[in-house]
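What's counted below: heavy atoms across the whole structure, side chains too, no hydrogens, waters or symmetry copies. Since this is a predicted model, take the numbers as computed values, not measurements.
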Amino acid sequence: MYELFKNLGEWLVSGEQWSGPDGIGHRLAEHLQYSLLATLVAAAIALPLGLLIGHTGRGAFLAINLASFGRALPTVGLVVLVFLASGLSMWPVYVALVALAVPAIVTNTYAGMNAVDPDVKDAARGQGMRWHQVLFQVELPLALPLIMTGLRLALIQVVATATIAAYVSFGGLGRYVFDGLAQRDLVQVLGGAVLVAVVAVALDLALSALQRALFRHRPA
């Protein structure tokens, strides 16, 4: 076991391992590209949907059950299905990652909107605010902490799952996992897994710090 971790440490800090198109730096950039793009697309889809459901109260059943759908989604199966329909491209990976991220964003956006005190909304309407003013000037600011939490959860899930890009012969940190398995190289497999975990934790800590900074003056 000591020898395994020693080899893993050497693999991670090796200058040769960080250079070139197959190096950690390049694979990390690919992984972040897949993850951030998929999360942005998911946010563009899920945020308006969650805001609409939360504001109108219609479709709450959909928002609540999307969380269960996200947990039950067979990501690899979805990749294979889209791969068979579209051929060799990044589309299967992006479709799967977006589908994975949407439920977390929708459900947290809905939860944040639903948590806004109805008296606050009634007071805003009583002051003559139109529906869009109530939505964007009252409900959305109050719901932002939970919305940010949903974005954090979605991004971390996507980062952890973006290794599937290597399943259809593309890049990212998953390349080390799949290539290591094919070559029976346990050090490479562990290296890829460690790198994905470190990236996920680092992004979570960064977003958590941003969230605290944004809302540090908000009363509890």
To check you understand the geometry: which heavy-atom pair defines the closest contact between [X] and [Y], and what is its length?
X    : Y    : result
L181 : V189 : N-CG2, 3.4 Å
V98  : A38  : CG2-O, 3.5 Å
M129 : Q133 : CA-OE1, 3.3 Å
F170 : R175 : O-NH1, 2.6 Å
H31  : T163 : CE1-N, 3.7 Å
Y176 : I24  : OH-N, 3.0 Å

In Å and rounded to the nearest 0.5 Å, what is the [atom1] to [atom2] distance from [X] to [Y]?
X    : Y    : atom1 : atom2 : result
T161 : L97  : OG1   : CG    : 6.5 Å
I53  : H55  : CD1   : NE2   : 13.0 Å
M148 : L207 : CE    : CG    : 6.0 Å
N108 : T149 : CG    : OG1   : 6.0 Å
R130 : L135 : CZ    : CG    : 14.5 Å
R27  : Q17  : CZ    : CD    : 10.5 Å

Do [X] and [Y] make a side-chain contact, defined as non-hydrogen atoms from C-beta onward lying under 4.5 Å apart?
X    : Y    : value
V199 : L28  : yes
I147 : L140 : yes
L52  : R58  : no
L32  : L203 : yes
I105 : L49  : no

Has the side chain of [X] got a donor or acceptor atom that lies under 3.5 Å from a matching backbone atom of [Y]?
X    : Y    : result
Y34  : G171 : yes
N7   : E3   : yes
N114 : Y110 : no
Q157 : A101 : no
W18  : H26  : no
S19  : E16  : yes

Verify the cluster assignment for [X] and [Y]: are they in a single hydrophobic cluster under the rule of side-chain heavy atoms below 4.5 Å apart?
X    : Y    : answer
V187 : L173 : yes
Y94  : L40  : no
L151 : L146 : no
V198 : V201 : no
L36  : L153 : no

Report the C-alpha separation of D179 and D185 in whole Å, then their side-chain angles, then the decisive distance to 0.1 Å, and conclude whether the side chain to side chain contact (heavy atoms under 4.5 Å, CB included) test is met. CA-CA 8 Å; D179 288 351; D185 185 346; over 6 Å; no

